[in-house]
Colleague: 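Starting off with a structure, shown below.
Predicted, not measured: the structure shown is a model, and the values here were computed from it. Each ligand, and each atom within it, is numbered from 1 in the order the structure gives.
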Amino acid sequence: MTPNPRAPHHVAIIMDGNGRWAQLRGRPRLLGHHAGARRVKEIVRACPDLGVKYLTIFAFSTENWKRTQSEVAGLMRLFKRYIRREAHDLKAENVRVRFIGDRVKLEPALVDLMDGLELATAENTGTNLTIALNYGGRDEVTRAARRLAHDVKLGKLDPRQICDETFPRYLDTYVLPDPDLVIRTSGEARISNFLLWQSAYAEYEFIDTLWPDFSAQIFAEVLVRYGLRDRRFGAVKA
Ligand code: FPP
């Protein structure tokens with residue numbers, strides 16, 4: 001397939017609607033998350049043909065701890081299972097995996113798997129998959145400010161050097177380009193603390209489809225619509 005020259009370089013996705021998808025079928029919410037994980041695989045695999053080099057997905061937010069203990073525990077089990085099961089294919093398919101978010105609150109067994117997958121795929125040069133796990137935009141900016149203040153205190157950084165080029169170096173996403181397109185599934189039109197700094201000039205698509213129904217075909221259609229948009233980054237058209 002010829003890569004689409006107007007494809008977004010970096011797509012970020014808020015994968016919403018797993019719970020409703022399961023409830024509509026009279027099934028437990030966790031079943032929706034499992035179906036959602038299968039879509040993750042399909043969407044990651046679709047990226048090279050669609051010309052998407054960076055894909056960032058919101059798997060668990062700093063606010064998701066407020067869910068029932070059994071749903072949180074089930075999601076943590078699912079993340080561990082996903083990493084164990086998919087590591088081989090991700091590596092073989094040239095996907096470079098990174099995680100963003102605060103790892104401190106995550107159980108050590110999960111953090112070990114995350115570190116292992118990052119290391120195992122570090123040399124890959126294909127799709128850059130970033131999984132946001134225990135991630136919140138405000139939390140990320142706050143942690144960045146703390147690290148930056150520390151560097152100022154140590155004399156490593158002069159406060160006069162702090163600008164919109166130096167600050168993002170302290171964010172979890174320091175190696176990633178800003179997202180061009182943010183997609184949220186399930187019909188909700190909000191950003192829920194996702195990539196707050198990075199999405200300043202992103203385009204948004206709010207899709208009614210629930211995440212477990214979000215196919216590679218729908219993904220491709222969303223990208224075609226994105227290609228028709230006129231991005232001006234605050235400037236006027238020449
Ligand atoms: C939001 O849907 C979804 C989540 C909080 C979890 C996202 C997780 C996955 C897609 C599972 C797999 C991910 C990886 C990386 C293996 P919701 O439960 O809030 O849906 P609702 O709004 O219908 O309740």
Colleague: Taking only heavy atoms of Tyr82, which atoms of ligand 1 are found under 4.0 Å from at least one of them?
Modeller: 16 (C)
Colleague: Test the Arg25-Trp21 pair against the cation-pi criterion, namely NZ or CZ under 6.0 angstrom from the six-membered ring centroid and within 45° of the ring axis.
Modeller: yes
Colleague: Considering only NZ, NE, NH1 and NH2 on the basic side and carboxylate oxygens on the acidic side, decide whether Glu107 and Lys80 come within less than 4.0 Å.
Modeller: yes
Colleague: With no hydrogens and no angle check, do the side chains of Thr166 and Gln161 hold a donor and an acceptor under 3.5 Å apart?
Modeller: no
Colleague: Determine, for Arg184 against Glu205, whether the closest basic-nitrogen to carboxylate-oxygen distance falls under 4.0 angstrom.
Modeller: no
Colleague: Does a donor on one side chain sit under 3.5 Å from an acceptor on the other, for His33 and Glu71?
Modeller: yes
Colleague: On a heavy-atom basis, I'd like to know which of Arg184, Arg29, Arg81, Glu63 is closest to atom 18 (O) of ligand 1.
Modeller: Arg29
Colleague: Hey, what's the ring geometry for Tyr201 with Phe233, parallel, tilted or perpendicular (30° and 60° as the breaks)?
Modeller: tilted
Colleague: Counting from 1, what ligand 1 atoms have a heavy atom of Trp211 closer than 4.0 Å?
Modeller: 10 (C)
Colleague: Measure the distance from atom 10 (C) of ligand 1 to every protein heavy atom, then report the residue, atom name and distance (to 0.1 Å) of the closest one.
Modeller: Asn18 ND2, 3.3 Å
Colleague: Just need the protein heavy atom nearest to atom 13 (C) of ligand 1, so name the residue and atom and give the distance.
Modeller: Phe79 CE2, 3.9 Å
Colleague: Has Arg67 got any heavy atom lying under 4.0 angstrom from an atom of ligand 1?
Modeller: yes
Colleague: What atoms of ligand 1 come closer than 4.0 angstrom to any heavy atom of His33?
Modeller: 4 (C), 6 (C), 11 (C), 18 (O)
Colleague: Against heavy atoms of Asn64, which atoms of ligand 1 measure under 4.0 Å?
Modeller: 5 (C)
Colleague: Do the side chain of Thr121 and the main chain of Asn124 share a donor and acceptor less than 3.5 angstrom apart?
Modeller: no
Colleague: Nearest heavy atom to atom 15 (C) of ligand 1 wins, so pick from Ala59, Gly17, Pro212, Gly32.
Modeller: Ala59
Colleague: Please determine if Gly19 has a nitrogen or oxygen closer than 3.5 Å to a nitrogen or oxygen of ligand 1.
Modeller: yes
Colleague: Provide, to 0.1 Å, the distance between atom 1 (C) of ligand 1 and the closest protein heavy atom, together with that atom's residue and name.
Modeller: Met15 O, 3.2 Å
Colleague: What is the nearest protein non-hydrogen atom to atom 21 (P) of ligand 1, stated with its residue, atom name and distance?
Modeller: Arg20 NE, 3.6 Å
Colleague: Indicate the ring-plane relationship of Phe167 and Trp197, choosing parallel, tilted or perpendicular according to the 30° and 60° boundaries.
Modeller: tilted
